[in-house]
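Throughout, protein chains are lettered first and strands after them, A, B, ... in sequence-line order, and every chain is numbered starting at 1. Predicted, not measured: the structure shown is a model, and the values here were computed from it.
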Amino acid sequence: MPPWLTQLLYLVAAVLFIVGLKRLNTPATARRGNLISGAGMLVAIFVTLLDLGQVNYTVIIGGVVVGSALGLTAALSVQMTAMPQMVALLNGFGGGASMLVGAAEFLRLYQAGEEIATPTVTVMQLSLIIGAVTLSGSLIAFAKLQELMTGRPITYAGQQFVNGLLFLVLVGLAGWQVVTEVPLIGPFYGVVALALVLGVLLVMPIGGADMPVVISLLNSYSGVAAAMTGFVINNEVLIIAGALVGSAGVILSQLMCKAMNRSLANVLFGAFGAVVTAGKKSAEGLTVKSITAEDFAIQLAYAQKVIVVPGYGMAVAQAQHQARELADLIEKRGGAVKYAIHPVAGRMPGHMNVLLAEANVPYDKLYDMDEVNDEFADTDVCLVIGANDVVNPASRTDTSSPIYGMPILNADRARMCVVFKRSMAAGFAGVENELFYRDKTWMLFGDAKASLSKLISEVKQV
Amino acid sequence: MPPWLTQLLYLVAAVLFIVGLKRLNTPATARRGNLISGAGMLVAIFVTLLDLGQVNYTVIIGGVVVGSALGLTAALSVQMTAMPQMVALLNGFGGGASMLVGAAEFLRLYQAGEEIATPTVTVMQLSLIIGAVTLSGSLIAFAKLQELMTGRPITYAGQQFVNGLLFLVLVGLAGWQVVTEVPLIGPFYGVVALALVLGVLLVMPIGGADMPVVISLLNSYSGVAAAMTGFVINNEVLIIAGALVGSAGVILSQLMCKAMNRSLANVLFGAFGAVVTAGKKSAEGLTVKSITAEDFAIQLAYAQKVIVVPGYGMAVAQAQHQARELADLIEKRGGAVKYAIHPVAGRMPGHMNVLLAEANVPYDKLYDMDEVNDEFADTDVCLVIGANDVVNPASRTDTSSPIYGMPILNADRARMCVVFKRSMAAGFAGVENELFYRDKTWMLFGDAKASLSKLISEVKQV
Amino acid sequence: MSTEALIIAIVIFTLSTFLGVELIGRVPPTLHTPLMSGANAVSGITIVGALIIAAGDRGWISTYLGFVAIVFAMMNVAGGYAVTDRMLAMFKTKETEKKQ
Amino acid sequence: MSTEALIIAIVIFTLSTFLGVELIGRVPPTLHTPLMSGANAVSGITIVGALIIAAGDRGWISTYLGFVAIVFAMMNVAGGYAVTDRMLAMFKTKETEKKQ
Amino acid sequence: MCAMRIAVLKERTERRVALVPESVARLTKSGVEVLVERGAGSEAGFPDSQYESAGASLADSPNETMSGAALVLRVQPPLANEVAALPEGVVLISTLPASVAGERVPQLAARNVTLLGLERVPRITRAQSMDILSSQATVAGYKAVLIGAAAMPRLMPMMTTAAGSLAPAKAFIIGAGVAGLQAIATSRRLGAVVSAFDVRAAVKEQVQSLGASFVEGGVTAEGTGGYAREQTGDEQARMQQALADHIKDMDLTISTAAIPGKKAPVLITEAMVRSMKPGSVIVDLAAETGGNCAVTRAGETYTTANGVTILGPVNLPSTVPMHASQMFSRNVLTLLQHLITKEGELVINLEDDITGPMCLAHGGQVRS
Amino acid sequence: MCAMRIAVLKERTERRVALVPESVARLTKSGVEVLVERGAGSEAGFPDSQYESAGASLADSPNETMSGAALVLRVQPPLANEVAALPEGVVLISTLPASVAGERVPQLAARNVTLLGLERVPRITRAQSMDILSSQATVAGYKAVLIGAAAMPRLMPMMTTAAGSLAPAKAFIIGAGVAGLQAIATSRRLGAVVSAFDVRAAVKEQVQSLGASFVEGGVTAEGTGGYAREQTGDEQARMQQALADHIKDMDLTISTAAIPGKKAPVLITEAMVRSMKPGSVIVDLAAETGGNCAVTRAGETYTTANGVTILGPVNLPSTVPMHASQMFSRNVLTLLQHLITKEGELVINLEDDITGPMCLAHGGQVRS
Ligand SMILES: NC(=O)c1ccc[n+]([C@@H]2O[C@H](COP(=O)([O-])OP(=O)(O)OC[C@H]3O[C@@H](n4cnc5c(N)ncnc54)[C@H](OP(=O)(O)O)[C@@H]3O)[C@@H](O)[C@H]2O)c1
Ligand SMILES: NC(=O)c1ccc[n+]([C@@H]2O[C@H](COP(=O)([O-])OP(=O)(O)OC[C@H]3O[C@@H](n4cnc5c(N)ncnc54)[C@H](OP(=O)(O)O)[C@@H]3O)[C@@H](O)[C@H]2O)c1
Ligand SMILES: NC(=O)c1ccc[n+]([C@@H]2O[C@H](COP(=O)([O-])OP(=O)(O)OC[C@H]3O[C@@H](n4cnc5c(N)ncnc54)[C@H](O)[C@@H]3O)[C@@H](O)[C@H]2O)c1
Ligand SMILES: NC(=O)c1ccc[n+]([C@@H]2O[C@H](COP(=O)([O-])OP(=O)(O)OC[C@H]3O[C@@H](n4cnc5c(N)ncnc54)[C@H](O)[C@@H]3O)[C@@H](O)[C@H]2O)c1
């Protein structure tokens, strides 16, 4: 195959990656996007094989078959819930591969005793380091998520200092390799070993809940490692695809952080600092999860069955119009919305009715507690808008509670329950609400009107 | 300067272009974006000059000074309203420059009698053709907008055929040049001449109102021409910047077409078809201008003083909630909104009051005809939502009209008046409304509720 | 690697980096994980490098390391695309169901 | 121009084209004209070609044509940026006014 | 030259007043002299003091008020025994219900009075602001809902309370003219689920434009001038069936169907009333012209054996005297502005689009 | 074993009924026997036939109804001459206005009746659905607006018409408890511009949550159990000034301020009434306990010399008998479900959180 054809076909592969990644951005086209990018990968592989011509096919076919088999088996057998760690693992292998390519190329030149051009040796160091960090870091991320080790941040005094030192030594060794005339085997091993250790150390202090961000970042690293490999063996498709993934991964980790309302720096180095922002703790040490309007929007947008539980807070925020608008939006997207009206929601009999009538919510969407209480269990999302006491499960069980015995709306039985309120403050009865600490509950803090407006515009964009 | 530094600096220039264009996307950063891209241009120019080393500076400095002086004078003296034609003109010169570079390179090689490599000669042809089409096409666009010639589509029988033929001959000549061994001067002149004619012919049949789209497209061509020139002289920054502009221009023309609710094909070749979509004509040959929600949104978003005139159509569409939401949005952006209530708007006394109260519009935003009628004259935008008779100026002057003598809301005195209705149908009184044909009036056709919803989401995005 | 080749590689790398940034524009949070996974699959492109190393006549070290690299990279590629597709399939079903 | 150089040019061209598409994502209608004008200014990059042609020792034709090309391209560049800036200045003022 | 004088009398059978101080002020400012009988506006919340500061003179008796007047304004027409007190040749502007017109017009013509009947303002766009039928119907439609709601044994809006949920009341408006539309709007405001019926097809959209639903009667009977015409027998039957099916579930029915100058159509039969639930309420706004309900008693409220309360209010606008007078007065003022020249002269042009149709007696002749 | 029997009497001074058929059905289904006096629900729109189909037996006289009953239900307490007719040792559940309690309780205790006073349901969360004060105040607040609006000489909502523009009415609610809040909501629905005043600070947010504005009185006087306490003299003075400044522009004032068991505070003085505009209306919901307005006449409507109409309605819930009964009945039913064991036995546990405070007489003793 003439070299220009090879290169053109590589370009085709690169374009397929670009188009594929682009499509992965939208729910409707995502799956096709993945297939397109897969096609790009196939093109790249076949072009490479054709270009290589007559070679030792045992090794190649063996490697391809073994690798594919392992990869596919793992991918197809893994539980849906274990996806993130699977991605981490696979990503680690990708980084490992880049590292090995760099290493092989180095060792070949080393054995040949050739002098390596400065640019080449530089990118070689980068491909080794980044590949190694990706490999070991990903393995740690995998271990944390798979609970092979504790998911909690592992920290100790002077950790930052140790890491910094390690990093300096690593840079020093790599620099030595670059400036030296003939390749040196010592620094080579040193670099690989230290980079592997660095990967471990970098991921250790990050908590399990933040792992997705880390994986995305490591993914970015593995892209950069591939690109560096591309520099080493002077191959464009590696550079393009690697760089694409490199930047995409960084942006994605940033998006993820934004969705968690944190900075990337906070995720990566947060455990070192004094502030632990893991979430507000109640008196009994329970944890509250909060969610942003952006994050919630997508889940709401695809919900089939939604129940709105309005409470006094909706009245205070005068958010009835927004509540209705949101409901309309959900219905336009094919979901069904009911309003569950608790007999004593608000501060006067019929308080919610007045407001919802003002917002022109049709009467037939309003349901009494008794009519609707059984439906929570198969409700995708329950929106608790400024209600508190009327959804407090303590009234069912806690005989000491002042609201014990009051029938409540079963918001806690919904598949997902999102509570709109400004703080963790109690409602009229002045009692803590256990619902807020439940697994399936998320808090959307802020004035209900503002939160709903935000949510509406986010849902519109989904 | 070492070549690698030149190239790196070119890369810097390219990055500046990328960042600059990116920033041009958002109002807040647009101006800085333009400066950044300008900095890129400066870098590119200086790097080129430095790289050239000792050369004939008379020509260069002379050219730069003359060109800059002409360009700046034109740019700074032009009326704001004449901006589009100015852009067209400048763009034409850009295309012309690309053509000249291609021509110069060709003539040099021709004179030297050298054989030109196939790739080179191919891209040379492209740079000539595209540059020439850009040049002459832009000049025609300029002439049309500057009213040096009629702004109307110029069409004649067989036009498409002639254009097609011309194009084939052009391709034939260019192809001949490519396949021949030594450069030929005849086909060269032929290609240039025909390409210039083609540019004229392509733009002639397009109406003045569609010129912005055409200019954007020609802009894209000039980008591609620059990129081709880059191929010819093997210069990366030309390729990158040219390709950026090439694709950006196409996307932009598409966006513009979308904003006009038309297809690009319709804009470019619409005049050839039988359908003339220039606008609905009234019985007396008056013309109605319609506007899309997208286009209108931006004007509304920056309006300072807005008056809403609701009418029976708002009631029919039950669009009161949307009207209120839109008003809220405008106020949030700093504008002031009043509702002007005509005494007989709707179909019963107080019809508008009931609906606006339902939508929770505060009473103090509601103004009687007498209170508000003098304010229209310094109102930026008047939104006539489903009203008709109550804003019909015929009642002031046309003694034969059944509504003669009824005082009306002075919607026609506002700086811009946008009428939301579904068609050109008459209102209760059954009379034509001259307001719709006024210069400052735009029609936003469609159900008022739907149009308002659209408008709201567009305004939110501005 | 010549300096010129390096520069060109850098140009291409830079452009691709910008492209990557722009591509991941406004991805909705549900797609964060699939997108991460999909991008991970693409990073398996290092398979090309692995193949070249393993296949070329570059001595036994390259062959051995290349073999391992192929296995690793291929796991990343095959597993990556398969996992992504599984995630998206789930997603897809929900989408399609809605349309009915 | 060698085939290899051509290929690389094509690669760069392709990447830049995609980048251009992505960059002009969701520009609001008010910015259509300024953006068009700004992009037009960038297309004046052909000045680089004109300079090379005019300055190099490529004979009188190149010099003459190059001179005209420089004038043309420079008009595009200088005029283009100035016009764009004027448009955006107007816009900017309105923006800033609002904030007060 | 002596200015034209207008007399505003105190009503005897009515709480409204024909001109409110605000309108008086406009007239006196334009040079017209206005005499107001003492206490004319007090029932409507306009004390004499306000008239005085508006520039009117006060008079103690009807006779004193009318002496020297070129124009006499009243809400209700004069009783038979009051005709003689009118100055001869004067112009009288007042309402003139069909029930008294036959008797009173000849009497007034005999006294050479020029009579402009306010009900006869033509329904053309220009005359909308003189149309007392519209303005007073607005008041009637609103008030009908209030008295209907107050007579109901239930609340109008839906309410979810600790003491159980209350279903919203179902309100049904028959005849969606001005009064009917206002009744729809008001009962919607109070939270009822509202439906409406009318024979004119155009009304459906108007009803929906207020957020109520329209009951199809399978009949359309559009008349001229925006009024309805009478139905044929067959139409009647189909319509009655549709009504009967719908009305039995209603909690509040307000009927406003009228055909001008005719006896009101009977739309709610006795059988329908019997089919209704205990506690349901009918407000028959057509009571004065015979009632839309067969068993309405004009001016009375009573409950049938099966617990249906039927209200037959007469002259509802008089029960909201302040705002009703304000609108009435504005209508009259616009009419006066039409009749009085810039020079302050009262001109009765029988060829005029508006004056012509309104004039029922002139120059001693009865016109029609 | 013979099932427990509950007697539901027909009221003599009242249109409500203590149990509606729906609640009766629930009781009979759980094995309780219910005897209803003939015609008990007819005024409220519940004919005897509905009681029968709900499983109740009908009885002709009070005595027949009560014979063998363990429990007697009434809305109003028995008159002095009715006490003797109660079976000895029976449990009586009814309201007991403060005005009659002093006299009646000893009489009932003397007859060994166990009396549960419905006003005394404690205001704890769990008892909300037994709280007749809340449910009946809801009705009163709503109805007060209706009768106030009907008494006004003007329309409530703003209206722009061909006959001029009408300004919206300004409504002012004094005391934003259950009735007050409902009055706010209802007058807002009708289109009034609503303001409200209360001495309790927490109320401000509640008032605003209904879209009304709050009038600052510069005073807070939060009592226990959600009720207000009395004010000191100085507080009183400051508050009165704030009220006086505000009230003079109001078109409709509805006062609901009450302090449980005490005479209602006088908040609207005669001077304030005199400062009000002709045509303005006051509805004094506290009329029964003396009135919030100094010149209220309980049970009467009259107009002052300066044209202010003052309504002093008593027992408004009785004028909306159907829904008021429905809620009353639901409250009583919930209470009964609390009192009656699964085995169908009536248990009066004086230690109970709810029963205890409610019990006013037991075992021949007056409790308090
Ligand atoms: N309906 C009646 O007749 C009546 C009468 C009297 C008492 N009650 C009692 O009132 C209670 C009613 O229960 P509920 O669930 O409706 O209300 P709730 O328990 O009082 O809770 C209301 C919640 O709304 C939140 N909130 C307030 N303003 C908000 C804003 N602007 N945006 C977002 N959230 C806001 C508050 O939390 P943050 O402060 O954290 O935002 C609060 O926790 C019951 O306890 C009932 O017994 C009812
Ligand atoms: N207020 C009163 O008391 C009263 C009583 C009786 C008569 N009138 C008369 O009614 C008229 C009122 O004037 P007006 O300006 O309010 O109304 P209008 O003149 O009747 O015009 C209403 C306009 O709304 C448009 N429309 C209808 N449905 C629509 C929808 N879903 N979305 C968007 N537009 C819609 C119609 O045009 P398309 O069909 O093209 O959409 C129509 O031209 C006056 O002539 C007045 O004299 C008033
Ligand atoms: N200048 C104007 O343009 C102007 C002014 C005022 C009113 N109008 C219009 O005139 C029309 C009549 O208004 P109105 O209130 O005086 O009407 P109305 O009092 O004469 O009658 C009330 C309504 O009852 C309906 N009706 C009559 N017979 C019926 C029957 N058998 N069954 C059911 N419904 C029956 C009529 O169609 C009308 O809608 C309205 O459409 C109004 O908008 C126009
Ligand atoms: N279970 C519960 O939690 C429950 C049940 C019902 C009512 N409540 C609460 O109890 C409170 C009282 O309700 P209510 O309607 O029975 O009250 P009420 O009838 O006792 O008094 C009505 C209102 O008048 C106010 N008031 C008293 N004196 C005043 C004065 N001098 N000036 C101005 N205002 C004065 C009171 O503050 C109260 O808001 C309300 O807040 C209500 O929400 C609680």
Between [X] and [Y], which heavy-atom pair has the shortest distance, and what is it?
| X | Y | result |
| --- | --- | --- |
| C:A78 | A:S68 | CB-CA, 3.8 Å |
| C:G38 | A:N34 | CA-OD1, 4.2 Å |
| C:G79 | A:A75 | O-CB, 3.5 Å |
| C:I52 | A:T48 | CG1-CG2, 3.7 Å |
| A:S37 | C:V42 | OG-CG2, 3.4 Å |
| C:I45 | A:A44 | CD1-CB, 3.8 Å |

[atom1]/[X] to [atom2]/[Y] distance, rounded to the nearest 0.5 angstrom?
| X | Y | atom1 | atom2 | result |
| --- | --- | --- | --- | --- |
| C:F13 | A:L244 | CZ | CG | 10.0 Å |
| A:L255 | C:I24 | CG | CD1 | 8.0 Å |
| A:I240 | C:S16 | CD1 | OG | 5.0 Å |

Can you tell which of [options] has the highest number of heavy-atom pairs within less than 4.5 Å of chain C?
| options | value |
| --- | --- |
| A:G62, A:G38, A:A97 | A:A97 |
| A:S98, A:G40, A:A14, A:A69 | A:S98 |
| A:A227, A:A104, A:A112 | A:A104 |
| A:V78, A:T229, A:N235 | A:V78 |
| A:L76, A:V237, A:L107 | A:L76 |
| A:I233, A:L72, A:L100 | A:L100 |

* Structure fact -> Those residues at least two apart in sequence (or on a different chain) that pass ring-ring contact (aromatic ring centres under 6.0 Å, His included) with C:Y81 are none

* Asked: Can A:M86 and C:N40 be said to form a side-chain contact (heavy atoms from CB on, under 4.5 Å), step by step?
  -> CA-CA 11 Å; A:M86 176 52 51; C:N40 169 50; over 6 Å; no

Portion of [X] that has a non-hydrogen atom of chain A nearer than 4.5 angstrom:
| X | value |
| --- | --- |
| C:V77 | side chain |
| C:L19 | both |
| C:A41 | backbone |
| C:I8 | neither |

Of all of [options], which one pairs up most often with chain A through heavy atoms under 4.5 Å apart?
| options | value |
| --- | --- |
| C:G80, C:S62, C:A39, C:A82 | C:A39 |
| C:L35, C:T63, C:T14 | C:L35 |
| C:I47, C:I61, C:L15 | C:I61 |

Do [X] and [Y] have side-chain heavy atoms sitting under 4.5 Å apart?
| X | Y | result |
| --- | --- | --- |
| A:R31 | C:T84 | no |
| C:M36 | A:L24 | no |
| A:F231 | C:I10 | yes |
| A:F93 | C:V71 | no |
| A:I60 | C:L51 | yes |
| A:M83 | C:V83 | yes |

* Asked: Would C:S43 and A:N91 count as a side-chain contact (heavy atoms from CB on, under 4.5 Å) if you check the C-alpha gap in whole Å, the side-chain angles of each, and the deciding distance to 0.1 Å?
  -> CA-CA 8 Å; C:S43 76; A:N91 185 52; 4.0 Å; yes

* Begin from the C-alpha positions of A:Y10 and C:V48 and carry the test side-chain contact (heavy atoms from CB on, under 4.5 Å) through to its verdict. => CA-CA 10 Å; A:Y10 275 151; C:V48 169; 3.6 Å; yes

* **With A:R23 via salt bridge (Lys or Arg N to Asp or Glu O under 4.0 Å) - residues at least two apart** =>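 For A:R23, no residue satisfies salt bridge (Lys or Arg N to Asp or Glu O under 4.0 Å) once neighbours in sequence are set aside.
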
* If you look only at pairs with a residue in residues 97-109 of chain A, which of them pass as a salt bridge (Lys or Arg N to Asp or Glu O under 4.0 Å), with sequence neighbours excluded? ->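 For residues 97-109 of chain A: A:E105-A:R108, A:E105-C:R58.
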
* Hey, is CZ on A:F46 packed in by over 12 heavy atoms from elsewhere, all under 6.0 Å? -> no

* To do: Would you sort out whether C:M74 and A:V66 count as a side-chain contact (heavy atoms from CB on, under 4.5 Å), showing the intermediate values?
  => CA-CA 8 Å; C:M74 223 34 224; A:V66 172; over 6 Å; no

* To do: Identify the residues of residues 218-225 of chain A whose heavy atoms come closer than 4.5 Å to a heavy atom of chain C, ordered by number, or report 'none'.
  => A:N219, A:S222, A:G223

